[in-house]
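None of the values given here were measured: they were computed from a predicted structure.
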Amino acid sequence: MNELQNIKNRFGIIGNFPALNRALEKSIQVAPTDISVLVIGESGVGKEFIPKIIHSESRRKHQPYIVVNCGAIPEGTIDSELFGHEKGAFTGATATRKGYFEVADGGTIFLDEVGELPLQTQVRLLRVLESGEFMKVGSSQVQKTNVRIVAATNVNMMKAIHDGRFREDLFYRLNTVQIDMPPLRERKGDIHLLFRKFAIDFAEKYRMPELELEQSAVHYIESYSFPGNVRQLRNLVEQMTVVERNRNITAEKLAEYIPMETHLPMVVNTQSTPKQSDFGSEREIMYKILFDMRNDINDLKSLTSELIKNRGTADLSNHEKNLINRIYTSDSQPQVNSGSVLYFENNNDTPAVQTPTIISNPDDSYEDIEDIEIEENRPESLSLQNNEKDLIIKALEKHKGRRNRAADELGISQRTLYRKIKQYNLED
C-alpha cells in the first residue's frame, strides 16, 4: 500500500477507485520483467502514466525512454521513424538516420495509439518483438535491438482484427499482459478530488485564487459522463480558472460549460451495415412502410400463383386453401387481363369465380405475373401513389440514377423499381 501511494505521489495520480489501483499495482508487478504490455482505455484516461511507471520501476530506468504517437506519424514515413533509413533510400533521404528502435536500445519504447499502425509496419514490429531484429529502410543488413515495448490504444482491437486492420498475431504478442484503465465516469468519487487538484495547480500557474465547488456543483459534476475523461476535466478547470471571476462555482455555472446530456429516444439500426436515408419526416416514413407492405402482399400473391401453376389445385390441402382465401379477399385486388380466377368456398375442391390473381387454367401464360399492379381510384390511393413517386425520384436523385442503390434505399428489388419507373414515366 505504501508503495502504491508513493507511485501516486511521484506521478501526480489522484484517485482511489479500485480499478485504478489494480492497474497501478499490475504495472508495478510487471515492471521488473521485460514482458510486453498493452494498455487499454478510452482517450483521456491517463494511459501514458502506465509506461512511465513500468520504465521507472524496471532495470531499464537509466536507459532511454521514447514515446511514439503512432497515429500522428504519416504512413509513408513511419517505417523510417521507427527503424531508420539509409542515405538515398527515398527522395529526401540525404543522410543515414537512426530509428527509435536503434536509439532506444536497452531502454523502453511506448507505442501510443498502436492500433493506428499500417499493416506493413505491423509486420516489421512483429519481427522486432519475436527476435529483436529489424532492418533500416533501404538496407539489407539485419540489426539487433534490446527494447522493452509498452503499447496503448483506445481502439476496439478485436473489431480491428475482424475488419483486417490489425494483425491477430501481433495483438497477442503485444497483449502478453493487459492493463485496463477505467474511464472517469466510473470513478465518481475521484472526480471532485481531481477537480480540486487541477484547481490548485492552475491557481498557482496563473497566480489567481483557487476555484471552489458548492455542494450542488459537486453533485452536478459527479453526475456528468465526461466523454473526454480526465483530459476534459483538466481543460474545464483551466478554462474556468482563467474566465470566471466568482471563485465559488455553482451547478448553474457548471451547466454553462458542460450541459447535462438528455437521453432522447432514437431509432437504432441493428443491421451490420446501416443504410442512409433521406426520408426524414414521419409522414414519408409511414408511406414507405405502407409501400413495403403492399410490395410484400404482391410478392406473396405472385408466389401463390406460381404454386398453383406448378402443382395445380388437386394437391392443395385445406390449410393452403384457407390461406389463399385469406390472401384474396381484400377490398382492392390485383387484376389479370386473361382467364378466370380461383376462390375456394367452404374448403370444397370446386372453385368459384372471383377477382384475385390466381389463374385457373394451367395452360394460361404466367409471363407477366410480376407485373401485377393495384389499380385503385380512391383519393387516398392516388395520394399514396404520388408520395411513392416522390420517394422514387428522391432515391434516384440521391444516388445519381444508380438504380441498384436506389432500390436498396427504397427496400425493393431492382426489377420492382424498374417497373415503377416505367409506371410513373421516370425514364432517363
Side-chain angles (χ1 to χ4, degrees), residues 31 33-40 43 47-56 58-177:
T33 69
D34 286 334
I35 200 168
S36 299
V37 177
L38 181 62
V39 186
I40 303 291
S43 179
K47 298 187 293 293
E48 66 276 5
F49 287 111
I50 301 299
K52 290 179 180 178
I53 294 172
I54 292 175
H55 179 72
S56 66
S58 70
R59 295 187 298 267
R60 302 171 180 264
K61 60 184 176 182
H62 300 299
Q63 300 300 321
Y65 171 73
I66 295 179
V67 179
V68 183
N69 189 335
C70 301
I73 304 176
E75 182 175 347
T77 61
I78 191 166
D79 284 354
S80 173
E81 294 288 329
L82 292 176
F83 309 106
H85 64 258
E86 294 289 345
K87 181 180 178 179
F90 50 85
T91 303
T94 57
T96 300
R97 180 185 182 279
K98 292 183 177 182
Y100 296 135
F101 279 96
E102 187 175 357
V103 173
D105 189 21
T108 304
I109 286 184
F110 172 40
L111 298 178
D112 195 13
E113 303 303 337
V114 71
E116 305 298 331
L117 280 176
L119 287 172
Q120 179 181 355
T121 307
Q122 293 177 32
V123 176
R124 289 174 173 262
L125 179 59
L126 182 62
R127 183 179 182 185
V128 174
L129 285 166
E130 290 178 344
S131 62
E133 297 178 347
F134 70 94
M135 288 191 296
K136 290 182 178 180
V137 177
S139 173
S140 59
Q141 182 180 358
V142 176
Q143 294 183 242
K144 297 284 288 186
T145 184
N146 178 19
V147 174
R148 184 6 163 4
I149 294 179
V150 181
T153 184
N154 60 3
V155 173
N156 184 332
M157 296 301 285
M158 300 313 297
K159 185 177 186 303
I161 292 171
H162 181 268
D163 295 342
R165 293 182 289 111
F166 201 86
R167 293 179 62 94
E168 186 175 10
D169 49 1
L170 177 59
F171 169 73
Y172 289 116
R173 192 67 180 81
L174 289 171
N175 195 34
T176 308
V177 172

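Contact annotation: the side chain of V68 never approaches that of I78 to less than 4.5 Å [non-hydrogen atoms, C-beta and beyond]. Using a 4.5 Å cut-off on side-chain heavy atoms (C-beta onward), T33 and R148 make contact. No side-chain heavy atom of R124 sits less than 4.5 Å from a side-chain heavy atom of L82. Looking at V147 and V128, their side chains never come closer than 4.5 Å, going by heavy atoms from C-beta outward. Looking at L125 and F101, their side chains come closer than 4.5 Å, going by heavy atoms from C-beta outward. Here the side chains of L126 and R167 are in contact, with some heavy-atom distance below 4.5 Å.
Annotation: the span from R165 atom CZ to N156 atom CG amounts to 8.5 Å, rounded to 0.5 Å. To the nearest 0.5 angstrom, K98 atom NZ is 14.5 Å from S80 atom OG. Distance OG1/T108 to NZ/K61: 12.5 Å, rounded to 0.5 Å. The CG atom of D34 sits 11.5 Å away from atom OG1 of T176, with the distance rounded to the nearest 0.5 Å. Distance check, rounded to the nearest 0.5 Å: CE of M157 to OH of Y172 gives 10.5 Å. Atom OG1 of T121 and atom CG of D79 lie 3.5 Å apart (nearest 0.5 Å).
With respect to H55, the ring pair (Phe, Tyr, Trp, His ring centres under 6.0 Å) criterion is satisfied by exactly one of F110, F49, Y65: Y65.
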Review point. Step by step, would you call T153 with I40 a side chain to side chain contact (heavy atoms under 4.5 Å, CB included)?
Key: CA-CA 6 Å; T153 184; I40 303 291; 3.7 Å; yes

Check your understanding: Taking it one step at a time, do R127 and F134 satisfy side chain to side chain contact (heavy atoms under 4.5 Å, CB included)?
Key -> CA-CA 7 Å; R127 183 179 182 185; F134 70 94; over 6 Å; no

Point to revise | Step-by-step side chain to side chain contact (heavy atoms under 4.5 Å, CB included) determination, E116 to V155 | key: CA-CA 8 Å; E116 305 298 331; V155 173; 3.7 Å; yes

Review point. Do E113 and N154 pass the side chain to side chain contact (heavy atoms under 4.5 Å, CB included) test, and can you show the C-alpha distance, the side-chain angles, and the key distance before you say yes or no?
Key: CA-CA 7 Å; E113 303 303 337; N154 60 3; 3.2 Å; yes

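Within a 6.0 Å sphere centred on CD of E133, heavy atoms belonging to other residues, nucleotides or ligands number more than 12. The 12-atom threshold is exceeded at CD of E130, counting heavy atoms of other residues, nucleotides or ligands nearer than 6.0 Å. When the shell of 6.0 Å around NZ of K144 is examined, it contains more than 12 heavy atoms from other residues, nucleotides or ligands.
Here the shortest heavy-atom pairing between G138 and A89 reads CA-CB, 3.9 Å. The shortest heavy-atom contact between C70 and V114 is SG-CA, 4.2 Å. The two residues S139 and E86 come nearest to each other via the heavy atoms CB-CG, 3.4 Å. When all heavy atoms of E168 and I161 are compared, the pair lying nearest together is CB-CG2, 3.9 Å. The two residues A104 and P64 come nearest to each other via the heavy atoms CA-CB, 4.1 Å. Heavy atoms only, all atoms of each residue included: F166 and L119 are closest at N-CD2, 4.2 Å.
For the pair D169 and R173, the salt-bridge criterion is not met [side-chain N within less than 4.0 Å of a carboxylate O].
Between H85 and F90, the angle of the ring planes goes over 60°, which puts this pair in the perpendicular group of the 30/60° scheme.
S56 places a side-chain N or O within donor-acceptor distance of the main-chain N or O of K52, the cut-off being under 3.5 Å. With hydrogens and angles ignored, the 3.5 Å screen pairs no side-chain donor or acceptor of K47 with any backbone N or O of A151. Looking only at distances, no side-chain donor or acceptor of N146 sits under 3.5 Å from a matching main-chain atom of G106.
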